[in-house]
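Below, chains carry the letters A, B, ... as their sequence lines are ordered, and counting in each starts from 1. Bear in mind the structure is a predicted one, so any value in this text is a computation, not a measurement.
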Number of protein chains: 2
Amino acid sequence: MTSTQAAEPAGERAGEQAAESAGNRRRGPSMADVAREAGVSGQTVSRVANGRHNVDPETRERVTAAMRRLGYRPNSAARALRSGRFHSIGVIMFTLSSFGNMRTLDAIAAAATDAGYTINLIPVPNPTRGDVSVAFDRLSEEAVDGVVIIVEAHLLDERDIELPAGLPVVVVDSNAGDRFPVVDTDQAHGARLATEHLLDLGHATVHHVAGPDRSYSAVHRREAWEATLRERGAPVPDALVGDWSSESGHRIGLRLAADPSVTAVFAANDQMALGVLRAMHESGRPVPAEVSVVGFDDMEESGNYWPPLTTVRQFFGEVGRRSVEALLHEVESGVAHGTTLVSTELIVRDSTAAPTAPRAAASVTG
Amino acid sequence: MTSTQAAEPAGERAGEQAAESAGNRRRGPSMADVAREAGVSGQTVSRVANGRHNVDPETRERVTAAMRRLGYRPNSAARALRSGRFHSIGVIMFTLSSFGNMRTLDAIAAAATDAGYTINLIPVPNPTRGDVSVAFDRLSEEAVDGVVIIVEAHLLDERDIELPAGLPVVVVDSNAGDRFPVVDTDQAHGARLATEHLLDLGHATVHHVAGPDRSYSAVHRREAWEATLRERGAPVPDALVGDWSSESGHRIGLRLAADPSVTAVFAANDQMALGVLRAMHESGRPVPAEVSVVGFDDMEESGNYWPPLTTVRQFFGEVGRRSVEALLHEVESGVAHGTTLVSTELIVRDSTAAPTAPRAAASVTG
DNA sequence: ATCGAGCATGTTCACGTCAACATGCAGTGC
DNA sequence: GCACTGCATGTTGACGTGAACATGCTCGAT
C-alpha cells in the first residue's frame, strides 16, 4: 500500500535518509511543500486545510491529494503563534488519586476533544501552596486557552497565589464562587437525600463520617447533613472526620460500631463507607439489620460491596461536560458563566433498612 | 445568564474596549517589549529567559526586573515553532475507566512534569478501530514530541492503523513488542505468585476469573495461571471470562459458588474479586473458610473489602515512570528502548486460607 | 463594447523566539 | 604597540501559518 511514497518532490533530498532518522526530527512537509507539489500557492493550501469554501473543487482535490501524498500535517505551533489560540485547555488537578476527580477528568477530556480542544494535564503533586503556585506558573508558559481547576480549593483563596491575568478559568469542587465561575455537584442536595432517607426509614438520628475540612465538598456535605437533622428535630452527633480513604472509614467505623446507639451512618464517600462496612462486620454488627450505611459517589464497585451499598450517585460526566462548556463559552465570548450545580440521585441498595426494635438486639421482626 | 450571546453581527468590533476584553486575548508582552523596557536587545532577553551563562549579572538583573514588571511569559508556540520541540508528550488512552490506567497516568504525569514536559491527553472513547485511528490522526496535528499508548492494544496490530512516522512511541499493556518499546507490569510473575500461593495453601486447584480476551494483560495472567497449574500437576479448570467489572465478577462468582468443588479462585483484578466475594456471601460460602479468593492490582480499597483481599500488588507508579523515561530517552537520542517489565508483589490478607477438610462442610478444624 | 461585481487565487508580511553570525571592547603575550 | 583571545551584547533571518490586501478572470448589466 504505502509503496514508493511520493518519491521526487524536487532535487532537495539526497541523503535525507540518515539525517531524518535522528537529529532532524519532526520537520515534516510544510504548506510550502504541499503548495509546490500541488502547483498552487501556500495560501490556497491554507484555505483547504481550514476548510474554507472559496476554493475551486478541483483545486481542492489537487491539494488534498498532495497533502496525502506528502503526509502533510499542519503544524500546531505555527498555527498557535499566528492565531494566538492554542485550542487546548489546561486541567490542574491533584494527583489523580480520587475516583471522582478521575471521572470528571475523563468527561472533561471527552467533551474537550469533541469541541476540538486538546487537554493539557497539569498535575499538582501536593496540595501545598508552593506546588499549586508552581502549577499556576507553568500555566502561563504552557499553551492553553483556558483552565479547569480541580483542586480542593481553599488554596485558591490565598491572596498570593495568582493566576495569569486574563486567562479564562472554571473551578470544580470549590467555592471561589466570587472570583471564578464554578461547576459542581449539588453536594448539599445529595447529603440531604442521604440523611432524609435514613431518617425516613425510622432512625432516630444519623451519624456522619465526614471528609477532610479542607475539601469544600466535604464541608458542604457535612453542613447539609447537619441542617437536615436540625430541620427534622433529630439530635446532631459530632461528625467524625476522615480523609476520604477506606482506611480512615474503617478506623472511624470501629468507633461507631462500639457505640450501640449508632444505627445509621452516612459516609461522605463510598470508600469510607466501605471501611465502615468492614468495621461493622468485624464488630459483629450486621448491616443493615442493626446498622444502616449510606455512601456518596456511587462508584462502579459500590453495588458489589457487601452488602451492596445504598449511596448518592454523582454525575461526574455531567460536571465535566458542563465545565468544558462554561470554559469554552468564556474563551470564545470573554464572558464568564456563573455557578452551575449538577444534581444527584439516591441509589437505594441493601445497606439500609429500618432500625430493629430500638436498642435491643432482638431477633429480626417479621 | 445566557443573555445575548455573541451579539456583534457584521461590524465585527464596536468599541475596541469590548474587543480587547474578548477577542484580543493572550497577547501578553513579548521579548521585544521586555527588551525595550530593559534597554537591551531581544536576544539578551532570550538568553536570560533560557538561563544562559554568558550574561552580565547586572544586565540579567535588569532584564528579570523588566520581565517581572511587565508580567512577561515566554510564548511556547513561538518556541516550539522555532525549535521544533514541543516539550510535551501525548498519552493515548481509553476513557480512563480502569483503576490501573488511571494510576499509570498519574505517574506518567508526575514523571513528565518533573522532566519539564507537559502531558497531552488524548482520550479514545471506544476501543474501536475507528476511534483509535482518529486519536492517532489527531496526534500529528497535536504538538507532541512523543506518545505513550495505554490501550489494550490488539488494535495496534491492525495494519491500517498507522502512527505518524518518526514519532517516538512507548506502549503500555500490550505486546506490540516487535514494533514499539513496551513497558509493562510482569503479569506472568504476578499471576504465578497468586496461583502458587493458593496451591501452597493446599488447594487442589485454582479457578480463574479472567479479563477480556482483547486485553493482553488479561491473556498473560491467564496463561501464567494455566502454566503454573500444569507445572504443579493440578487440574486446569476452564477459565471464566469477565470484563474487569465487579458486576461480571459477581455473575461469574455465582456460578463458581454453586460448584462445591471450588475452593480457590484467582480473579484477574480486584474489582472482579470483589464481585466474587459478594457472590460467595450471597451463596453462603464463607471466605476464606470455604473458599479462598485472590485478586490482582491492590487497589486502595482492597484492604477494606470483606474480608480484606489477598491480592497481587502492581507498581503502577513504576510503570508510569519507566514509560516516560523510555520515551524521553527515545525522544532525545532517537534510539528506542526494548521491553521493560516491572515486577509485582503478593499481599496476603484475609481472603485466603488452607482448605477445610476436603469437600465436606465440616466445622473448622483447629 | 464597457464597466464592474464576484470569485478563485496569489503575494506580502508579522506572529515571538532563538541560532548563527556580527560587533565592540578589555585584557594578554610578545 | 599589535595581533589576538574571550566575553557581553547586538543584528539578521527563518521556523509555518493565515490575515489582509492584490491580482486577474468570467459574466451580466448597460
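- Comparing atom distances between the A:S41 side chain and each of C:dT17, D:dG18, C:dT11 picks out C:dT11 as nearest.
- B:V45 comes within contact range of no nucleotide atom at all, as no heavy-atom separation falls under 4.0 Å.
- Note: CG (B:D56) to C1' (D:dG10) measures 15 Å, nearest angstrom.
- In this structure, the nucleotide among D:dG10, D:dG16, C:dG16 sitting nearest to the side chain of A:N75 is D:dG16.
- As judged by a 4.0 angstrom heavy-atom cut-off over every strand, A:S46 is placed among the base-contacting residues.
- Of all nucleotides listed (D:dT9, D:dG16, C:dG10), D:dG16 comes nearest to the side chain of A:L81.
- Between B:H329 and B:H337, the ring-plane angle classifies as perpendicular under the 30° and 60° cut-offs.
- Between A:R47 atom CZ and C:dC7 atom P there is a gap of 14 Å when expressed in whole angstrom units.
- The distance between atom CE of B:M31 and atom C1' of D:dT12, rounded to the nearest whole Å, is 16 Å.
- Listed nucleotides D:dT17, C:dG16, C:dC18 differ in distance to B:Q43; the shortest reach to its side chain belongs to C:dC18.
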Next on the checklist: Set out, in order, the CA-CA distance, both residues' side-chain angles and the distance that settles side chain to side chain contact (heavy atoms under 4.5 Å, CB included) for B:N75 and B:M31, then state yes or no.
Outcome noted: CA-CA 9 Å; B:N75 178 313; B:M31 279 195 165; over 6 Å; no
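- We find that CZ of A:R36 is positioned 14 Å from P of C:dG10, with the value rounded to whole Å.
- Here the P atom of nucleotide C:dG16 and the CG atom of B:L70 are 13 Å apart, to the nearest Å.
- Atom CZ of B:R82 and atom P of D:dT12 are 16 Å apart (whole Å).
- Taking the side chain of B:T59 as heavy atoms from C-beta on, and the options C:dG10, D:dA8, D:dT17, the nearest nucleotide is D:dA8.
- Distance B:R79 CZ to D:dG16 P: 19 Å, rounded to the nearest Å.
- A:E330 and A:P168 make their closest contact through OE2-CA, 3.4 Å (heavy atoms, listed as atom of the first residue, atom of the second, distance).
- Each of A:N54 and A:G42 was matched to the nucleotide of DNA chain C holding its nearest heavy atom; the match closer to the 5' end belongs to A:N54.
- Within the 4.0 angstrom heavy-atom criterion, no nucleotide atom of any strand lies near B:R60.
- Residue B:R52 has no polar side-chain atom (N or O) positioned under 4.0 Å from OP1 or OP2 of D:dC7.
- Closest non-hydrogen pair, A:A80 versus A:F86, comes out as CB-CD2, 3.5 Å.
- Heavy-atom nearest nucleotides on DNA chain D were determined for B:P57 and for B:A78, and the one closer to the 5' end corresponds to B:P57.
- Atom CD in B:E58 sits roughly 19 Å away from atom P in D:dC7 (whole-Å rounding).
- Among the nucleotides C:dG16, D:dG10, D:dA19, the one closest to the side chain of B:T44 is D:dG10.
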Item to check | A:V331/A:Y117 under side chain to side chain contact (heavy atoms under 4.5 Å, CB included): CA gap, chis, key distance, verdict | outcome: CA-CA 12 Å; A:V331 167; A:Y117 279 71; 4.1 Å; yes
